[in-house]
Trainee: 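One structure is given below, represented as structure tokens, and several questions about it will come after.
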Amino acid sequence: MSNLPQRFYQREVTLVARDLLGMQLVRQVGDQRVSGIIVETEAYRGEEDLACHARHGKTRRTEVMYGEAGRAYIYFTYGMHWLLNVVTGEVGFPAAVLLRAIIPLQGTEIISANRTGRPEKEWCNGPAKICQALQISGAMNGIDLTTNSAGLWIEEAPPVPDSRVVTGTRIGIGTVPEPWKSIPWRFNAILKESE
DNA sequence: CGCCCGATGTGCT
DNA sequence: GCACATCGGGCGT
């Protein structure tokens with residue numbers, strides 16, 4: 001399958017978040033493919049969105065979000081977790097999609113080893129779990145996801161029909177004021193009986 | 001299964 | 001100082 005082109009990411013962040021469902025996140029570990037199907041995303045949109053890290057303007061931490069669409073915005077939080085986002089839209093406008101969950105597809109032995117002792121359902125059902133399972137950290141912040149050169153990219157795969165997409169409010173933003181707290185910018189693909 | 005809470009470091013009010 | 005786009009252990013139901 002071919003990589004999603006930059007054009008895919010150069011759109012409104014909510015559209016990109018919706019359309020990333022079903023696509024395949026691929027990490028190259030040595031010569032092994034470690035991958036999964038994206039099933040949950042969230043959109044973070046501009047300085048006015050008070051849940052978005054760019055709410056305080058451009059800083060060293062958030063500058064990747066202001067750059068080229070299709071780059072990885074990876075940040076550290078809660079003292080121990082890395083989270084992976086995809087930059088979208090026009091250069092100069094900060095917006096990104098948080099990848100919250102994938103269904104493991106390839107390299108599951110590596111994923112299992114990275115998620116020691118945990119049941120398969122808990123391998124990649126959270127944004128920090130994805131990074132742990134696929135060995136993604138801040139060293140990859142800013143890399144280009146439209147090429148394979150940095151060992152992390154997203155490939156085109158069968159899209160998820162509207163009938164199997166559910167939206168909801170974004171997770172973990174409890175102290176953010178309205179309307180941002182309740183805006184339905186979380187996208188969830190309902191596949192099989194899992195999440 | 002759900003709720004509660006501690007871990008742990010960085011960025012910014 | 002404090003809030004944080006989280007996770008997992010512990011314990012009650």
Side-chain angles (χ1 to χ4, degrees), chain A residues 9 12-21 23 25 36 38-67 69-89 93-104 111-143 145 152 154 166-189 193-195:
Chain A
Y9 301 105
E12 170 65 28
V13 63
T14 52
L15 297 177
V16 178
R18 158 66 181 86
D19 292 345
L20 277 172
L21 298 177
M23 303 299 114
L25 178 66
I38 297 169
V39 293
E40 188 176 4
T41 62
E42 283 176 359
Y44 289 86
R45 189 189 186 282
E47 296 177 351
E48 62 180 23
D49 174 5
L50 296 181
C52 182
H53 285 170
R55 64 188 175 279
H56 297 136
K58 188 174 180 178
T59 66
R60 176 177 270 101
R61 184 198 202 191
T62 61
E63 63 184 355
V64 172
M65 256 203 287
Y66 288 77
R71 303 293 180 92
Y73 167 47
I74 301 169
Y75 70 91
F76 188 68
T77 193
Y78 290 106
M80 58 183 86
H81 298 304
W82 294 103
L83 274 65
L84 170 64
N85 302 251
V86 184
V87 176
T88 72
F93 185 84
V97 176
L98 171 67
L99 301 188
R100 286 198 64 88
I102 66 174
I103 294 178
I111 291 176
S112 175
N114 290 335
R115 303 278 305 137
T116 49
R118 314 213 164 271
E120 186 168 348
K121 289 196 70 167
E122 294 176 15
W123 281 352
C124 297
N125 63 338
K129 297 176 186 178
I130 293 174
C131 290
Q132 193 180 351
L134 302 197
Q135 301 173 208
I136 296 164
S137 78
M140 304 182 88
N141 188 35
I143 65 151
L145 295 167
L152 182 66
I154 303 177
V166 174
T167 62
T169 59
R170 295 173 291 181
I171 306 286
I173 57 166
T175 64
V176 171
E178 300 290 359
W180 310 110
K181 183 176 178 177
S182 298
I183 199 163
W185 282 354
R186 181 165 53 88
F187 300 87
N188 199 345
E193 50 198 83
S194 58
E195 201 177 348

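So you know, we letter chains A, B, ... as the sequences are listed, proteins then strands, and number each from 1. Values below: all heavy atoms of this structure, side chains included; hydrogens, waters and symmetry mates excluded.
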Trainee: How close or far is atom C1' of C/dC4 from atom CD1 of A/I171, stated in whole angstroms?
Mentor: 15 Å

Trainee: Between A/T62 and A/T59, is there a donor-acceptor pair closer than 3.5 Å when you use the side chain of the first and the backbone of the second?
Mentor: yes

Trainee: When you match A/V176 and A/Q132 each to their closest nucleotide on DNA chain C, which lands nearer the 5' end?
Mentor: A/V176

Trainee: With respect to the side chain of A/H56, which nucleotide from C/dA5, C/dG8, B/dC12 is positioned closest?
Mentor: B/dC12

Trainee: At 4.0 Å (heavy atoms only), tell me whether A/A51 reaches a base, stays on the sugar-phosphate, or touches nothing.
Mentor: base

Trainee: Figure out the CD/C1' separation between A/E47 and B/dC12, and round it to whole Å.
Mentor: 15 Å

Trainee: Any side-chain N or O of A/R115 under 4.0 Å from OP1/OP2 of C/dG8?
Mentor: yes

Trainee: Base, sugar-phosphate, or nothing for A/R118, non-hydrogen atoms under 4.0 angstrom?
Mentor: sugar-phosphate

Trainee: Once you round it to whole Å, what is the distance between C1' of C/dC7 and CZ of A/R100?
Mentor: 11 Å

Trainee: Rounded to whole Å, please give me the gap between OH in A/Y75 and P in C/dC4.
Mentor: 12 Å

Trainee: For the pair made of CZ in A/R60 and P in B/dT10, what is the distance, rounded to whole Å?
Mentor: 13 Å

Trainee: Calculate the interatomic distance between A/N125 atom CG and C/dA5 atom P; express it in whole Å.
Mentor: 19 Å

Trainee: Please check the phosphate of C/dC4 (OP1 and OP2 only) for any side-chain N or O of A/T175 closer than 4.0 Å.
Mentor: yes

Trainee: Search all heavy atoms of A/L83 against all heavy atoms of A/A128 and return the closest pair with its distance.
Mentor: CD1-CB, 4.2 Å

Trainee: Contact class for A/L98 (heavy atom, under 4.0 Å): base, sugar-phosphate, or nothing?
Mentor: base

Trainee: For B/dT8, give the paired nucleotide (Watson-Crick: N1-N3 plus N6-O4 or O6-N4; G-U: N1-O2 and O6-N3; both under 3.5 Å), or none.
Mentor: none

Trainee: Would you say A/R55 reaches B/dT13's phosphate, i.e. side-chain N/O to OP1/OP2 under 4.0 Å?
Mentor: no

Trainee: Who is the Watson-Crick or G-U wobble partner of C/dA5, with both distances under 3.5 Å?
Mentor: none

Trainee: Are A/Y73 and A/V86 close enough that some pair of their side-chain heavy atoms sits under 4.5 Å apart?
Mentor: no

Trainee: Testing the basics here: between A/K129 and A/E122, what is the closest heavy-atom pair and its distance to 0.1 Å?
Mentor: CD-O, 3.6 Å

Trainee: A side-chain contact here means heavy atoms from C-beta on lying under 4.5 Å apart; do A/R170 and A/W180 qualify?
Mentor: yes

Trainee: Measure up the A/H53 and A/Y75 rings against each other and bin them: parallel (under 30°), tilted (30 to 60°), perpendicular (over 60°).
Mentor: perpendicular

Trainee: Nearest of C/dT6, C/dA5, C/dC4 to any side-chain atom of A/A128?
Mentor: C/dT6

Trainee: With the threshold set at 4.0 Å, does a side-chain nitrogen-carboxylate oxygen contact exist between A/E40 and A/R186?
Mentor: yes

Trainee: Please compare A/K129 and A/Y44 by the position of their nearest nucleotide in DNA chain C and report the one closer to 5'.
Mentor: A/Y44

Trainee: Base, backbone or nothing for each nucleotide of nucleotides 1-9 of chain B, written B, S, -, heavy atoms under 4.0 angstrom, 5' to 3'?
Mentor: ------BBB

Trainee: Nearest whole angstrom, please: distance from the P of C/dC7 to the CH2 of A/W82.
Mentor: 15 Å

Trainee: Whole angstrom is fine here: how far is it from CG in A/L50 over to C1' in B/dC12?
Mentor: 15 Å

Trainee: Check A/L20 against A/Y9 and note the closest heavy-atom contact, atom names and distance.
Mentor: CD2-CE2, 4.3 Å

